[in-house]
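All remarks here apply to the structure that follows.
Residue numbering restarts at 1 for every chain, and letters A, B, ... go by the order of the sequence lines.
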2 protein chains.
Amino acid sequence: MAGAGRECSIANALAVIGERWSLLVLREVLLGERRFDQIARNTGASRDILAARLRALVDHGVLTREQYEQRPPRHEYVPTEAGRALAPVLLALMEWGDRYVTEGPGPTRWVHDCGAELHPELACAHCHTPVTADSIRLLRLGTVR
Amino acid sequence: MAGAGRECSIANALAVIGERWSLLVLREVLLGERRFDQIARNTGASRDILAARLRALVDHGVLTREQYEQRPPRHEYVPTEAGRALAPVLLALMEWGDRYVTEGPGPTRWVHDCGAELHPELACAHCHTPVTADSIRLLRLGTVR
DNA sequence: ATAGTCAGTTGGATATTCCAACTAACTGAG
DNA sequence: CTCAGTTAGTTGGAATATCCAACTGACTAT
């Protein structure tokens, strides 16, 4: 990465999962695909880059690498709590992609327990009211280093 | 980008805003910084890459480039509706970064109208209940090309 | 004149990515 | 035992992208 920029958890988050393939890897892992070849196929990442990304995601504590077979030694990639906590980011991204990028209906769709097709929105965890641009105000802004 | 992979709005979204600097540029623009030099300083992106990213974001309809001065001709970058709709993605990412990456308290913090410090969570836009991993089920899954 | 601001562009070194082919360790069929 | 297939990577080399400092061009302010 280049120069410093603003002190910011968005930048910090992107240092972990902001590389081209990381979020697609996470998507597959959270969908239940945990093996190298399947993740490679389903993301479209080349195998060397995928190996590097998986290593980085394990190093950063987003995934763990666990043996599921002794002979031959085989490992699968399992999301940690931090990894599972990225689901909202992926769903928010999917919702945005569905609305503003993908032509036609979304290729992947979910149903919520309430029976409606899922269209997630951001809410305040305290009062459970939707978060809109004019319902929040800045308390503190990270400084530019 | 490489091979095809799964048909997916996450991948489509990342094709638009998945490059290293795009989301940081969006962050600055949504915070109200709209001029080239300020965005460069506050993100830390090098100027050539920033110019390329801004062009791409304008091409993809996330920003518009608008003249705010005739002499000398000066332009500012203003978010479109699609750009403003990325705020939830950035807030979700910030929340995750605060929790799992940044050491200590988050460098940037918001207060919600309800008076509490903002900790956004994802909710169903229909029933306004929080979305958890086990409160949703797959309706349709994008196919791998 | 001279310095400073703003929004980029250019050139060259460096770093990353892509891709196909290869290794390594096995399994299961004949 | 031999041969094809599966799984999880690694390797080498070409193609791309990024970083950085310096430069341009159009102006303003002193």
Base C/dA7 paired with B/Arg47 side chain (donor-acceptor, <3.5 Å): yes
Mind calculating the distance between CG (B/Leu24) and P (D/dT18) to the nearest angstrom? 14 Å
Set of side chain to side chain donor-acceptor pair (under 3.5 Å) partners for A/Thr129, sequence neighbours left out: none
Rounded distance in Å - CZ (A/Phe36) to C1' (D/dT6): 14 Å
Should the pair A/Glu7-A/Arg145 be classified as a salt bridge under the 4.0 Å nitrogen-to-oxygen rule? no
Phosphate OP1/OP2 of D/dG9: any A/Tyr77 side-chain N/O under 4.0 Å: yes
Atom pair distance, as rounded to whole Å: CZ in A/Arg55 and P in D/dG9: 8 Å
Looking only at heavy atoms, what is the nearest atom pair of A/Leu122 and B/Ala92, with distance? CD2-N, 4.4 Å
Check whether any side-chain nitrogen or oxygen of A/Arg35 sits under 4.0 Å from OP1 or OP2 of D/dG9, and answer yes or no. no
Please compare A/Glu19 and A/Arg74 by the position of their nearest nucleotide in DNA chain C and report the one closer to 5'. A/Glu19
Return the nearest nucleotide to the side chain of B/Asp37; candidates are C/dC6, C/dC19, D/dT7. C/dC6
Can you tell me if the side-chain N/O atoms of B/Arg20 get under 4.0 Å from OP1 or OP2 in C/dT17? no
Closer than 4.0 Å, any side-chain N/O of B/Arg53 to the OP1 or OP2 of D/dT18? yes
Take the protein atom NE2 of A/His75 and the nucleotide atom C1' of D/dG9, then report the distance between them rounded to whole Å. 12 Å
Between P on C/dA7 and CD1 on B/Ile39, what's the gap in Å once rounded to a whole number? 9 Å
Taking 4.0 Å as the cut-off, does a side-chain nitrogen or oxygen of B/Tyr68 come that near to OP1 or OP2 on C/dA7? yes
Applying side chain to side chain contact (heavy atoms under 4.5 Å, CB included), run through B/Trp21 and B/Leu50 and close with a yes or a no. CA-CA 8 Å; B/Trp21 300 106; B/Leu50 177 58; over 6 Å; no
Output the rounded distance in Å from CD (A/Glu66) to P (D/dA8). 14 Å
Shortest non-hydrogen contact from B/Val131 to B/Ala123? CG2-C, 3.6 Å
Length of the CG-P vector between B/Asp48 and C/dA15, whole Å: 16 Å
D/dC19 C1' sits how many Å from B/Trp21 CH2, rounded? 10 Å
